[in-house]
Amino acid sequence: MSESNVVIKVKDYTITEADVDQFIDTLPPEQKQYAANPMFREQMKQQLVALALLSEYGKEEKLEETPEYEKLLESAKRDILAQLAVKQVISAASVSDDEIKEFYEANKDRFKKGDSVSAKHILVDDEALCNEVKEMIEKGDKTFEEAALAHSTCPSKERGGDLGEFGKGQMVPEFEEASFAAEIDALVGPVKTQFGYHLIKVYDKKEAAVAPLEEVKDQIKANLLQQKQGELYNEKLNELHKKYAE
């Protein structure tokens, strides 16, 4: 075992980075989404270390010999067996490409996308500066992207001011109205919003349309799989209720 992978040694137990990964994997989805954040990972390491240390203290205090420990152990065994049983039951669920396509064709209205634009912007605090930057671009002294990097206060400046694609309702009203009204590659602004003064350059427009199957395939598969797993779970639960419950 590489020393670089060791987090800490607690008596005979060595906590490794792999243990941290496994610990994070047991967390609820709303917490697991932060797994890539170094600070979050460090917090999980410390939490795992704390569990190991407290476990050793519990052994020292002979808490394994108490009635409460036996009761909790039986409860934990029950929960683990139930989790493994659920995993086995729902593992039989699968979704075919034909089922995905059939669902898509029958529910196209669910996958409608509204009008959208793709745009870049430059944000500054002062209207006069906004006009100066606009003049630089119009004269060819700087490209839009160069001006964004040099003058914009928005983090998007690192991408040349690129905000990517957005639909209606995703931006503040003044910015949205100017963007959707703009011609492609036209330099628009200054546009005043609560954030300051913007120069806007729209580089693509898309009309409302149904999203292609490839774009929503994974979403459909996940939904259908969840539905099938739920059906298998309920069927098994009803079967077991008749078999075991009094």
Heavy-atom side-chain proximity of [X] to [Y] below 4.5 angstrom:
X      : Y      : answer
Glu235 : Leu232 : yes
Gln219 : Arg110 : no
Ile220 : Leu213 : yes
Thr193 : Met171 : no
Val117 : Lys168 : no

Exercise for review: Apply side-chain contact (heavy atoms from CB on, under 4.5 Å) to the pair Val95 and Phe103, showing each step before the final yes or no.
Suggested key: CA-CA 11 Å; Val95 178; Phe103 184 88; over 6 Å; no
Would you give the length of the straight line joining atom [atom1] of [X] to atom [atom2] of [Y], rounded to the nearest 0.5 angstrom?
X      : Y      : atom1 : atom2 : value
Ile15  : Asn5   : CD1   : CG    : 14.0 Å
Lys157 : Cys154 : NZ    : SG    : 9.5 Å
His151 : Asp126 : NE2   : CG    : 12.5 Å
Tyr104 : Glu214 : OH    : CD    : 10.0 Å
Gln31  : Ile24  : CD    : CD1   : 10.5 Å
Leu149 : Lys142 : CG    : NZ    : 8.5 Å

Cluster overlap [X] with [Y], hydrophobic side-chain contacts below 4.5 Å:
X      : Y      : answer
Tyr34  : Phe23  : yes
Val188 : Val202 : yes
Leu27  : Val49  : yes
Tyr197 : Ile200 : no
Leu51  : Val20  : yes

Can you list, pair by pair, the side-chain donor-acceptor contacts under 3.5 Å of residues 61-69, counting residues two or more places apart and other chains?
unit_1	atom_1	unit_2	atom_2	d
Thr66	OG1	Leu63	O	2.8
Thr66	OG1	Tyr69	N	3.2

Short question: side chain of [X], backbone of [Y] - any donor-acceptor pair under 3.5 Å?
X      : Y      : value
Asn234 : Gly230 : yes
Lys112 : Ala208 : no
Glu158 : Pro155 : no
Glu215 : Pro212 : no
Asp79  : Ala76  : no

Taking distance alone, no hydrogens or angles, what donor-acceptor pairs closer than 3.5 Å link side-chain atoms of residues 172-187 to residues at least two apart or in another chain?
unit_1	atom_1	unit_2	atom_2	d
Glu176	OE1	Gly169	N	2.6
Ser179	OG	Phe175	O	2.8

Carboxylate-amine/guanidinium proximity below 4.0 Å for [X] and [Y]:
X      : Y      : answer
Lys221 : Glu99  : no
Glu239 : Lys243 : no
Lys217 : Asp97  : yes

Exercise for review: In sequence, state the C-alpha distance, the side-chain angles, and the governing distance for Glu127 and Lys192, and then conclude on salt bridge (Lys or Arg N to Asp or Glu O under 4.0 Å).
Suggested key: CA-CA 8 Å; Glu127 185 176 10; Lys192 187 178 185 302; over 6 Å; no
For [X], look at atom [atom1] and say whether over 12 heavy atoms of other residues, nucleotides or ligands are found less than 6.0 Å away.
X      : atom1 : answer
Gln226 : CD    : no
Glu102 : CD    : no
Gln22  : CD    : no
Glu207 : CD    : no

Any idea which heavy atoms bring [X] and [Y] closest together, and the distance?
X      : Y      : answer
Ala211 : Val216 : CB-CG1, 3.9 Å
Gly189 : Lys134 : O-NZ, 2.6 Å
Gly160 : Lys120 : O-CD, 3.8 Å
Pro190 : Leu199 : N-CD2, 4.2 Å

Practice item. List the steps, then state whether side chain to side chain donor-acceptor pair (under 3.5 Å) holds for Tyr203 with Asp162. Key: CA-CA 10 Å; Tyr203 59 87; Asp162 198 348; 2.8 Å; yes
Review point. Is there a donor in the side chain of Gln47 and an acceptor in the side chain of Gln43, or the other way round, less than 3.5 Å apart?
Key: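 Not at all, the side chains of Gln47 and Gln43 share no donor-acceptor pair under 3.5 Å.
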Check your understanding: When the ring planes of His198 and His121 are compared, do they come out parallel, tilted or perpendicular, using 30° and 60° as the limits?
Key ->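 Parallel.
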Exercise for review: Would you please test Gln227 and Glu231 for side-chain contact (heavy atoms from CB on, under 4.5 Å) and show each step?
Suggested key: CA-CA 6 Å; Gln227 181 182 324; Glu231 290 168 358; 3.5 Å; yes
Practice item. Could you walk me through whether Gln88 and Lys236 pass side-chain contact (heavy atoms from CB on, under 4.5 Å), step by step? Key: CA-CA 11 Å; Gln88 179 173 298; Lys236 179 57 73 173; over 6 Å; no
